[in-house]
Amino acid sequence: MLKTLALTTALALTTALTAQAQTQTPRSGGTIRFTAPYGSAFASLDIHTANRAQDEIWAKAIHRSLYNWDSFANKPVPELAKEVIASKDGMTYTFKLRDDAYFHNGRKMTADDIIWSFTRIMDGSKGYPGARYVRLIKGAVEVEKGQAKEISGLKKIDDFTLEMTLTEKTDPGFSFYLSTTAIYPAKEAQQPDYFSKPIGLGPYKFTEHVPGSRMVVDKWEKFYKPGKPYADKVVISLMGEASARDVAFRNKEIDVSILGPTQYVAYQADPNLSKGLLEVAEVYTRVMGMNPTFKPFADKRVRQAINYAIDADLIIKRLVRDKAYRASGWLPLSSPSFDKDKKPYPYDPEKAKKLLVEAGYPDGFEFEWTATSNESWGIPIVEAIIPMLAKVGVKVKIKPVEGTVLSEVVRKGEYQAYIWSNTSGPDPLASMKCFHSATPQSACNYTLYKNPEVDKLIDEAGATDDAAKRVELLKQANNIVQDDAPMWFFNYNKAVMAYQPWLKGLQPNATELAIQYYEDIWVDASSPAAK
Amino acid sequence: MLPYIARRLLQMVPILLAVAALIFLLFSVIPGTFASSMGDDGRTVVDAQVMERMNQELGLNDPLPIRFGKYVAQLATFDLGTSFRSRQPVSQVIADRLWPSFQLAMAAMLFAMVIGVPLGFAAAIKPGSLFDSVAIMLAVSGLSLPKFWLGLLLMYLFALKLGWFPSFGYGDGSLRYLVLPAVALGVSPLALLARTSRAAVLEVLHADFIRTARAKGAGNIRVMRWHVARNAFVIILTTLGLQFGSILGQAVVVEKLFSWPGLGSLLVDSVTLRDIPVVQGCILTIVLLFLVINIIVDVLCAAIDPRIKYS
């Protein structure tokens with residue numbers, strides 16, 4: 001019921017936003033006053049070196065990648081290509097590139113720029129995060145290892161035609177929509193001052209960066225989408241503190257703010273602020289991972305008992321203030337392979353006790369739970385769970401760590417249990433591969449999950465040309481994972497963005513709501529920064 | 001005086017080296033690396049190969065003594081290294097943040113001094129009076145106020161309710177943007193200065209030379225101006241110098257809250273993301289600033305009080 005309601009709400013919201021975008025005539029001019037809410041300063045003006053959401057927020061103004069994320073269709077769509085033709089075997093893609101995409105110095109983009117950018121990302125001596133995606137192209141690994149200078153799978157047919165051969169059958173759109181694979185101007189990017197004044201293909205050109213404070217970009221007149229961008233300027237302010245953001249938003253100094261659970265309740269209760277809330281079921285699943293090398297968690301019954309013993313609905317309501325959707329498994333609500341008929345584990349302490357007895361733990365056991373201080377998926381949540389687990393005889397010792405340490409210990413398997421928020425999309429195939437036994441723990445199989453049946457379903461999904469069949473196979477795999485319970489499936493994040501009444505054209509981006517395509521956003525005449 | 005300054009400057013070298021060694025060792029033993037920080041938002045999966053290459057490129061796979069040796073050799077040539085995150089020279093990263101930090105620290109000090117010192121003086125003139133009691137109560141409250149809470153309160157009152165100042169940001173670096181963070185940062189040293197000034201003035205007021213001055217017929221203004229103030233200022237100035245270090249430390253919270261682009265917020269980001277060269281650079285810069293300010297304070301004390309002689 002809850003899931004159906006959530007899906008209906010998300011769908012209604014998306015429809016409403018689409019309708020809003022269609023019925024109002026966008027206004028040109030003014031300034032969009034955006035915020036980057038995730039704490040730290042922008043890492044660098046070389047977006048190839050940065051993969052955090054915080055950096056993607058500025059990068060979407062200045063740069064473009066081969067694909068964009070279409071928030072309304074919920075899939076990647078070609079951006080720098082007018083047409084993409086896949087070969088029959090699904091291994092070779094021909095990109096008919098735009099001949100109207102200009103870098104901010106006025107030079108037209110060609111296939112050479114794409115080849116150069118991807119080759120740069122594969123420079124093995126640098127460790128660019130985007131290498132993970134470009135490795136999909138045949139011959140890219142050889143460049144990374146220093147065995148070749150050119151990526152053999154990238155072939156320039158002419159200035160505006162590029163052929164890409166892949167190493168596996170997959171939709172390249174999921175690999176090439178992030179800014180960490182943005183296209184740089186080949187010659188210009190090799191100049192020493194490029195990364196202090198970057199130029200790209202995006203709708204806005206770089207104007208100013210005050211490290212630790214803000215970035216200012218101005219409209220690029222030769223952007224390839226007619227009439228866009230609408231606003232003359234975008235100012236992106238770094239605002240990591242939620243309370244400070246709240247004051248600035250109420251003071252009308254900023255146009256958007258990402259809300260936490262406490263503010264979500266306050267904004268919902270306010271008759272004016274509640275009119276400007278954009279809610280999206282993001283592709284993040286919050287889970288407690290259980291390490292099978294810790295003896296009790298090697299037993300499926302114990303892991304299932306943990307799922308039965310925790311009243312997730314209560315925690316979501318009381319602590320997360322309904323700023324989340326109850327998780328029934330790994331794949332999130334927005335995933336095409338999400339099974340709306342699959343029910344989450346119900347709260348049933350008696351069943352949990354029974355399973356523990358069957359598993360040989362009638363008196364329970366004690367485990368160490370590694371967690372950060374995050375209010376939505378950290379120690380406050382664990383503290384609420386401790387008495388629930390105590391009811392079935394399981395004792396918890398909290399091991400507090402910071403995010404960087406959590407990321408390290410989980411990848412190394414140096415934990416008994418952890419709680420984290422991890423991306424579970426948007427590509428269901430890539431996401432389910434985290435449960436393939438061939439995926440190492442250091443990649444994303446954090447709970448060392450191994451089930452031959454799931455492996456087979458994922459392999460078949462990867463091999464099939466039938467999209468509907470792939471969806472179905474992954475749905476089955478996801479349901480088996482849920483039954484095997486390598487994790488306690490807590491919730492899917494409900495991202496909430498508060499926006500001012502004069503701001504239009506926001507997109508319900510399920511991959512990360514704070515990341516917006518600025519060319520679609522505009523401000524009406526009532527904005528304090530309308531001129 | 002000059003040999004004294006030269007000696008103090010030379011004494012800074014072992015202090016800075018000790019600080020450098022301490023930070024280096026501390027960040028070598030705590031868990032988490034820059035590569036692991038890249039995946040901490042759970043948004044993208046940073047694969048093991050990329051992490052390994054990154055560690056290699058950043059020299060994090062080298063044994064500890066070799067890394068330390070390289071670091072000290074770099075420091076000897078005044079090279080703070082390269083930021084893991086921005087891949088820019090650390091000196092450049094710090095230089096970008098130094099001026100806003102200096103602006104904020106100086107504004108906070110000025111605010112503390114302009115209000116705190118006269119308040120302490122006024123309270124000391126009539127000890128035990130209503131004004132004295134209120135001033136001391138305010139001073140104690142000022143010392144106890146958490147910066148974060150005070151900052152939010154100032155934002156709420158002066159930005160949201162009264163609309164006098166912007167609630168956040170650096171803007172063009174002008175006074176409008178500086179006022180609220182400077183006040184938030186300056187309240188604690190203000191309170192301390194008020195208390196110190198009061199105590200210093202009270203102490204001087206009971207000295208024999210004050211009684212002599214009054215016996216010679218000097219009026220209140222003359223006594224306060226020529227005898228009390230000059231003597232009390234030595235103590236106040238020393239407190240001010242020591243408070244500078246605490247202001248730089250507390251700026252971490254205020255800068256984050258007000259999105260002020262200073263060294264404090266850079267330090268927090270760099271610690272969280274394990275950008276060790278920047279952490280080292282920031283702390284060394286803060287220690288250096290603290291030491292230099294205190295040398296200046298000592299020199300000023302000697303200038304104010306001829307009894308102080310450095311040999």
Side-chain angles (χ1 to χ4, degrees), chain A residues 38-46 49-54 56 124-129 131-132 135 144 178 180 195 210-214 237-241 243-245 247-248 250-251 253-254 284 372 401-409 411 420-423 434 440 442-444 512, chain B residues 30-58 83 85-88 93 96-97 100 148 151-152 155-156 159-160 163 166-171 173 255-262 265-266 268-270 272-275:
Chain A
Y38 298 121
S40 61
F42 298 136
S44 141
L45 297 187
D46 178 359
T49 67
N51 65 333
R52 300 167 75 90
Q54 184 82 335
E56 186 103 1
S125 67
K126 300 290 183 194
Y128 293 117
R132 170 184 166 75
R135 221 176 274 143
E144 190 177 28
L178 293 169
T180 192
F195 295 113
V210 181
S213 179
R214 65 172 184 267
S237 300
L238 289 160
M239 294 198 76
E241 289 301 334
S243 341
R245 224 166 40 236
V247 174
R250 289 172 188 265
N251 205 26
E253 290 174 84
I254 52 176
Y284 287 93
T372 67
V401 293
E402 47 170 333
T404 302
V405 181
L406 179 74
S407 162
E408 184 164 282
V409 298
R411 284 186 170 85
W420 204 0
S421 173
N422 291 108
T423 180
C434 290
S442 57
C444 60
E512 172 60 66
Chain B
I30 59 169
T33 61
F34 173 69
S36 67
S37 83
M38 298 202 74
D40 73 348
D41 64 358
R43 178 171 174 255
T44 50
V45 176
V46 181
D47 70 32
Q49 289 178 56
V50 167
M51 286 173 80
E52 186 51 35
R53 284 179 191 283
M54 210 175 271
N55 284 338
Q56 188 111 20
E57 185 205 350
L58 302 175
S83 161
R85 236 181 131 212
S86 69
R87 306 196 184 200
Q88 282 180 312
V93 175
D96 285 342
R97 305 292 192 99
F148 191 86
L152 276 177
M155 275 182 188
Y156 181 79
L160 188 58
S167 71
F168 79 100
Y170 184 63
E255 285 179 8
K256 269 284 171 195
L257 183 67
F258 286 92
S259 304
W260 189 265
S265 53
L266 176 66
V268 176
D269 286 356
S270 307
T272 313
L273 301 170
R274 301 290 189 273
D275 192 349

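The figures here come from the full heavy-atom set of this structure, side chains too, leaving out hydrogens, waters and symmetry mates. Lettering of chains follows the sequences in order, A, B, ..., and the numbering in each one begins at 1.
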Using heavy-atom distances under 4.5 Å, tell me whether A:I254 contacts chain B through its side chain, its backbone, both, or neither. side chain
Per-residue tally against chain B (heavy atom, under 4.5 Å) across A:G403, A:A41, A:P440, A:G240 peaks at A:A41
B:R97 and B:P100 have their tightest heavy-atom pair at O-CD, 3.3 Å
Under a 4.5 Å cutoff for heavy-atom pairs, which residue among A:R135, A:E512, A:E402, A:R245 has the most contacts with chain B? A:R135
Chain B contacts, top residue of A:A50, A:S421, A:A53 (heavy-atom pairs, under 4.5 Å): A:A53
Leading residue by heavy atom contact count with chain B [cutoff under 4.5 Å; candidates A:A244, A:G127, A:G124, A:A43]: A:A43
Between atom OG of A:S237 and atom CZ of A:R214, what is the distance when rounded to the nearest 0.5 Å? 7.5 Å
Less than 4.5 Å to any heavy atom of chain A: does that hold for the side chain of B:L160, its backbone, both, or neither? both
Nearest atoms (heavy-atom pairs only) where A:T404 meets B:G32: CG2-CA, 3.9 Å
Shortest non-hydrogen contact from B:A159 to B:P166? CB-C, 4.2 Å
Assert top hit (heavy-atom pairs under 4.5 Å, partner chain A, pool B:G262, B:G151, B:G171, B:S265) equals B:G171
Do any N or O atoms from the side chain of A:R250 and from the backbone of B:Y156 form a donor-acceptor pair under 3.5 angstrom? no
Minimum heavy-atom separation for B:S86 to A:S44, with atom names? CA-CB, 3.6 Å
Of the listed residues (B:D96, B:L152, B:L266), which shares the most heavy-atom pairs with chain A below a 4.5 Å separation? B:L152
